[in-house]
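Computed from heavy atoms alone, side chains included, the values below leave out hydrogens, waters and symmetry copies.
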Amino acid sequence: MNIPELKPHYTFPKLTTNASDKAYAFEAKRAAMGPYIVSRWGWDEDFQWQMHLQRYDEKPFFEIRKEGARIGTVSFQILTDYATFGEFYLFPDFQRQGIGSQILAHCLAITDKLQLPVRLEHLHWNPVGSLYRRHGFRETGQSEIHCFMERPAKASS
């Protein structure tokens, strides 16, 4: 599945398995998540790279482009009974401008048409949780470090 463009500004090319795409996705993670990881554990480059590669192999990653410029990544996947949303990283210059809300709403509109719930997880101390709550996500569980959330399927109108 591909993510349709969000006119007039955003496109979502699928990232490949080549080294430069993996490195780009890692840089997006470091830029967006680094401060939240460093605040708890410090940054262990080798550990973070290995975690990134594991996740990169488990799910599809898409680049987020605004008018052709690379501004972040997202993983969005439609499964049989639900969709997943994650690895949603915007470079700091593009945060707190409503871009995240636009992209999340775009992906949720896709799942609404399919009448599927959406699942995600985030670090407890990452303020992105408030974005997800504003878009109808509710906590379904916790681990020591993650909050698990789901947005129920929307009924067709």
Just wondering, do [Y] and [X] contact through their side chains at under 4.5 Å, heavy atoms?
X      : Y      : result
Lys29  : Gln48  : yes
Met33  : Leu123 : yes
Val128 : Tyr36  : no
Arg65  : Ile71  : no
Glu5   : Ile3   : no

Report yes or no: does [X] contribute a side-chain atom to a donor-acceptor pair with the main-chain N or O of [Y] at less than 3.5 Å?
X      : Y      : answer
His124 : His146 : yes
Gln95  : Leu90  : yes
His52  : Ala23  : no
Asp21  : Thr16  : yes

Describe, in one word, how the ring planes of [X] and [Y] are oriented to each other, choosing from parallel (under 30°), tilted (30 to 60°) and perpendicular (over 60°).
X      : Y     : value
His106 : Phe12 : parallel
Phe26  : Trp43 : tilted
Tyr24  : Phe91 : tilted
Phe88  : Phe85 : perpendicular

[X] side, atom [atom1]; [Y] side, atom [atom2] - distance, nearest 0.5 Å:
X      : Y      : atom1 : atom2 : answer
Phe137 : Leu120 : CZ    : CG    : 4.5 Å
Ile64  : Gln102 : CD1   : CD    : 11.0 Å
Ser75  : Arg55  : OG    : CZ    : 10.5 Å
Lys22  : Asp57  : NZ    : CG    : 5.5 Å
Thr84  : Lys59  : OG1   : NZ    : 6.5 Å
Asp112 : Leu108 : CG    : CG    : 6.5 Å

Would you say the rings of Phe61 and Tyr56 are close, in the sense that their centroids are separated by under 6.0 Å?
yes
Determine, using the 4.5 Å side-chain heavy-atom cutoff (strictly less than), whether [X] and [Y] are members of one ILVMFWY cluster.
X      : Y      : answer
Tyr132 : Tyr89  : no
Trp41  : Trp49  : yes
Met1   : Leu114 : yes

So for atom CZ, which belongs to Phe47, do other residues, nucleotides or ligands contribute more than 12 heavy atoms lying within a distance under 6.0 Å?
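No.
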Shortest non-hydrogen contact from [X] to [Y]?
X      : Y      : value
Gly136 : Pro152 : O-CD, 3.9 Å
Thr73  : Ala28  : CG2-CB, 3.9 Å
Arg96  : Pro127 : NH2-CG, 4.5 Å
Ala83  : Leu116 : N-CB, 4.5 Å

As a quick check of understanding, evaluate side chain to side chain contact (heavy atoms under 4.5 Å, CB included) for Tyr82 and Thr111, giving each step before the final call.
CA-CA 8 Å; Tyr82 62 95; Thr111 62; over 6 Å; no
Quick one: which residue pairs count as a salt bridge (Lys or Arg N to Asp or Glu O under 4.0 Å) with a foot in residues 133-147, not counting sequence neighbours?
none
